[in-house]
Amino acid sequence: MNQPTHAVPVMEPPSPLRNTRLMSGIDQALSIKHNNLVYDLRAAGRDVVTLSLGEAFFDLPLPNFDELITTGLHHYSHSRGLPELRRSLAKYYDAQFGVPVDADHELLVTAGSKAAIYMVLLAILEADDEVILLEPFWLSYPEQVRLCGGTPVMVPHDVSVSDLAGYVTPRTRAIVINNPNNPTGHVYTAAELRDLHDLADRHGLLLISDEAYNEFIPPDQEFLAIGALDPEKRHTVTVNSMSKNYGVSGWRIGYLIAHRTLVDQVLKINQHLVTCAPTILSAYLAENFDRVLDITRPQIQRTVRMRQEVEGWLTERGIRTLPGTATFYLFASLGGSSLSSTEFAARLLEESDVSVVAGIAYGASCDRHIRISVGTESPDRVARGVAAIDDLIRATTPGAMALNSGDRPVPCSTQRE
Ligand code: PLP
């Protein structure tokens, strides 16, 4: 008697290209994705007013590597960073901000501060540990926390730093701040930093301060480096970069300052992922540390003044920004526009050839804002961009005057938030 045959289902082998659960939850960096689109449009001949780039362009002399006295420049270097560069950076933090740094044990140079932040998070987070992020946060923080298996805990932008205790749970491991802030330009006050520091101290948290824009501060404003509150580095980490202050974002050189026990952990990750920062570029920066800063500083101040001026233009048009004075970013309100920040940025690019970054990239509480960067365009072109932003806000605000910005009286009377 024939037994009924049970068809054995043929299992498709899993695709080696399948997405992991982790990567399914990771987004592209929205600003970079948007700027890739801008690069493509420009390559196709579109004249895009680019107010979306995360850097300022400076006139810098072309590097002359022939003058470098160091040998072995085409090779790997010390995985903590070239000793000469570490010493220059340690001296800089000590002289500028009164933060004592042992260049041999408390500082690590790597391929960009982005990598430095990620490696710190990887070194400290267990699965499902929480990291508090203050909106608007720099958009890579939450994805980096997720990449490390942690959970980002977002704090809406209208919550004061003194009210963060309610966000701390038994799983909280760290708080990340960006001082001065991308995208608002906010410089943390001494009182705010003390509050954050005390909170970290009370709950045994690590306070990570990303100070990548520390030179972009108006001359009359004080900048307090987090390390000044914690010279022993018991619960603070400083992250910084050559990208913005030196105008060499493509060179990929950033660094962190932390307690030597943490630096030793990060060093292992650095050795397995990166080995070392680019040697020849590190050598150039070590040798020309003060000279390049002497060249960029006046240009940085010009950029900060430009930011102030653009803030004035926005205010005249009735467009508000979240409070801030530093960097080259403005975080502008969409007022009564019926568009989400993503729709707004897409339409602005499509209809006016002006690129900005949608506020939603910086946290859920920021969808009524866009980030405007004034670091890479001439004042005339920034003005063109601001006019287009104003026009689109008006065109999409129910009941607003549909005047073209050229015809419109200034300041405008449209009600904005
Ligand atoms: N931190 C902040 C706040 C930034 O805005 C950026 C870049 O835009 C970075 C870090 C990354 O800098 P780096 O070029 O050193 O990786």
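In listed order, ligands and their atoms are each counted from 1.
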With rounding to the nearest 0.5 Å, note down the distance linking OG in Ser52 to NZ in Lys33. 14.0 Å

Donor-acceptor pair between Asn181 and Tyr362 side chains, under 3.5 angstrom: no

Side-chain donor-acceptor pair under 3.5 Å between Gln271 and Ser79, yes or no? yes

Can you give me a line-by-line list of nitrogen or oxygen pairs between ligand 1 and the protein shorter than 3.5 Å?
unit_1, atom_1, unit_2, atom_2, d
ligand 1, 1 (N), Asp210, OD1, 3.4
ligand 1, 1 (N), Asp210, OD2, 2.6
ligand 1, 5 (O), Trp138, NE1, 3.3
ligand 1, 5 (O), Asn182, ND2, 2.8
ligand 1, 5 (O), Tyr213, OH, 2.6
ligand 1, 8 (O), Lys244, NZ, 2.7
ligand 1, 12 (O), Ser113, OG, 3.0
ligand 1, 14 (O), Ser243, OG, 2.6
ligand 1, 14 (O), Arg252, NH1, 2.7
ligand 1, 15 (O), Ser113, N, 2.7
ligand 1, 15 (O), Ser113, OG, 2.8
ligand 1, 15 (O), Ser241, OG, 2.6
ligand 1, 15 (O), Ser243, OG, 3.3
ligand 1, 16 (O), Ser113, N, 3.2
ligand 1, 16 (O), Lys114, N, 3.0
ligand 1, 16 (O), Arg252, NH2, 2.8

Donor-acceptor under 3.5 Å (Asn288 side chain, Tyr284 main chain): yes

Asp198/Arg194 under salt bridge (charged side-chain N to carboxylate O under 4.0 Å, His left out): CA gap, chis, key distance, verdict: CA-CA 6 Å; Asp198 290 350; Arg194 281 200 189 93; over 6 Å; no

Set of salt bridge (charged side-chain N to carboxylate O under 4.0 Å, His left out) partners for Arg171, sequence neighbours left out: Asp129

